[in-house]
> 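The structure that follows is given in the form of structure tokens.
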Amino acid sequence: MAQMMPDEGLDIILGQFPLSTAKYTSPLNCALFTSQTATTVITHAQAFANITETTYTSYARQTLAAATWGAIAERPTNLGRQVTYPQLTFPTVGATGATINGFYITNNAHTVAIGQANFDDGLAVVLATNDVIKVTPTMAYLH
Amino acid sequence: VIFLSTVQCAESRRSSFKEDHFQNRRESLVAERLFLCTNPACSLGSRKDGGQFTGGATKGQITTLTGDPEPEHVGEGVCPNCGELGDEIGTHESAVGDDPYDDLHQQVAGMVADENIPVNKDNAQAELHDLVEERENPSVEGGEQ
């Protein structure tokens with residue numbers, strides 16, 4: 001499974017702390033992508049403009065409200081600290097499906113990629129009519 | 001800092017579902033009407049917050065969901081996950097990106113699929129980075145003067 005917090009995503013995080021020069025706006029967005037592959041994501045120097053979002057029938061990216069993230073907890077075992085969002089259910093697929101390679105989190109305006117990740121098992125998810133995809137995003141800082 | 005994923009699952013609601021003739025507007029990649037499902041019992045989004053959707057549920061989908069053969073609301077604006085009418089909250093447009101390394105991604109995917117090459121889901125990204133580095137800085141490998 002590949003994952004990447006590109007330069008533009010880390011810039012937002014460092015802009016909060018320690019720089020305190022920018023305050024991010026909640027909610028963030030969780031979107032599904034069809035670009036790249038099931039085992040690769042963008043490189044660190046790439047950005048939002050290099051990712052293609054799915055367009056399956058009835059799809060809409062879902063919001064990630066600051067207040068809805070879970071409590072900060074240990075990243076097992078003693079690797080760091082993490083927060084997990086409750087399971088997100090995306091719209092049931094209508095007439096046209098898609099092959100999903102993973103998900104990415106973007107800023108409020110959906111113009112900056114905070115992070116992009118494949119699914120844990122390294123497999124694409126082929127969505128057909130009436131399928132439902134559920135994603136549980138986790139973010140962590142390692143020691 | 002790391003960014004971690006997740007769990008995913010795709011589940012078919014009903015294999016016997018008969019698709020209705022609901023117009024798919026996504027082909028044009030133009031902004032679509034965006035709706036918010038406010039049904040607290042609906043699974044769309046997270047359980048705590050309402051979920052968003054475009055388009056809407058077909059008659060067949062709603063009948064499958066609710067058992068009602070003649071649902072009151074059908075089509076655009078009707079939540080495909082619960083069959084309730086949503087609130088229009090704006091527009092939605094999926095982002096269309098362009099990745100100049102797409103050929104390298106596909107090359108790595110081919111390696112992952114080949115059992116004779118020691119590239120798998122855990123080191124595929126590192127392999128991609130090597131290929132990108134070679135392309136951007138060909139002299140690194142000493143192959144060019």
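A note on names: the letters A, B, ... follow the listed sequences, proteins ahead of strands, and every chain is numbered from 1. Quick caveat: nothing in here was measured; it's all calculated off a predicted structure.
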> Does the pair B/R33/B/E76 count as a salt bridge with the N-to-O cut at 4.0 Å?
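Here B/R33 pairs with B/E76 in a salt bridge, since their nearest N and O are under 4.0 Å apart.
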> Could you tell me which portion of B/D49 (side chain, backbone, both or neither) has an atom closer than 4.5 angstrom to a non-hydrogen atom of chain A?
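Just its side chain gets close to chain A.
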> Between A/I72 and A/I13, is there shared hydrophobic-cluster membership here, with clusters defined by ILVMFWY side-chain heavy atoms closer than 4.5 Å?
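Same cluster: A/I72 reaches A/I13 through Ile, Leu, Val, Met, Phe, Trp or Tyr contacts under 4.5 Å.
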> Ignoring hydrogens and angles, tell me if any N or O in the side chain of B/T66 forms a donor-acceptor pair with the backbone of B/I62 under 3.5 Å.
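Side chain of B/T66 to backbone of B/I62, a donor-acceptor pair under 3.5 Å: yes, one is there.
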> Between B/C79, B/G45, B/G50, which residue shows the highest count of heavy-atom pairs closer than 4.5 Å to chain A?
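Maximum pair count with chain A is reached by B/G45.
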> Between A/R61 and A/F90, is there a donor-acceptor pair closer than 3.5 Å when you use the side chain of the first and the backbone of the second?
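Here the side-chain-to-backbone pair does not exist.
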> Tell me the residues of residues 34-41 of chain A whose non-hydrogen atoms fall below 4.5 Å from those of chain B, in number order.
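The stretch touches chain B at A/Q36, A/T37, A/T39, A/T40, A/V41.
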> Regarding A/H143 and A/N78, is there a side-chain donor-to-acceptor distance under 3.5 Å anywhere?
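A/H143 vs A/N78: no donor-acceptor pair found between side chains.
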> Under a 3.5 Å threshold, yes or no: a donor from one side chain and an acceptor from the other, between B/E84 and B/H73?
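No, no side-chain donor-acceptor pair sits under 3.5 Å.
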> To the nearest 0.5 angstrom, please state how far the CD1 atom of B/I89 sits from the SG atom of B/C37.
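That separation rounds to 11.0 Å.
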> Please look at A/L88 and chain B and tell me whether the side chain, the backbone, both or neither of the residue comes under 4.5 angstrom of a heavy atom of that chain.
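Interface part for A/L88: both.
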> Measure across A/L32 and A/Y56 and return the closest heavy-atom pair with its distance rounded to 0.1 Å.
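Reported closest heavy-atom pair: CD1-CE2, 4.2 Å.
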> Between B/L44 and chain A, with a heavy-atom cut-off of 4.5 Å, which part of the residue counts as in contact: side chain, backbone, both or neither?
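Both backbone and side chain.
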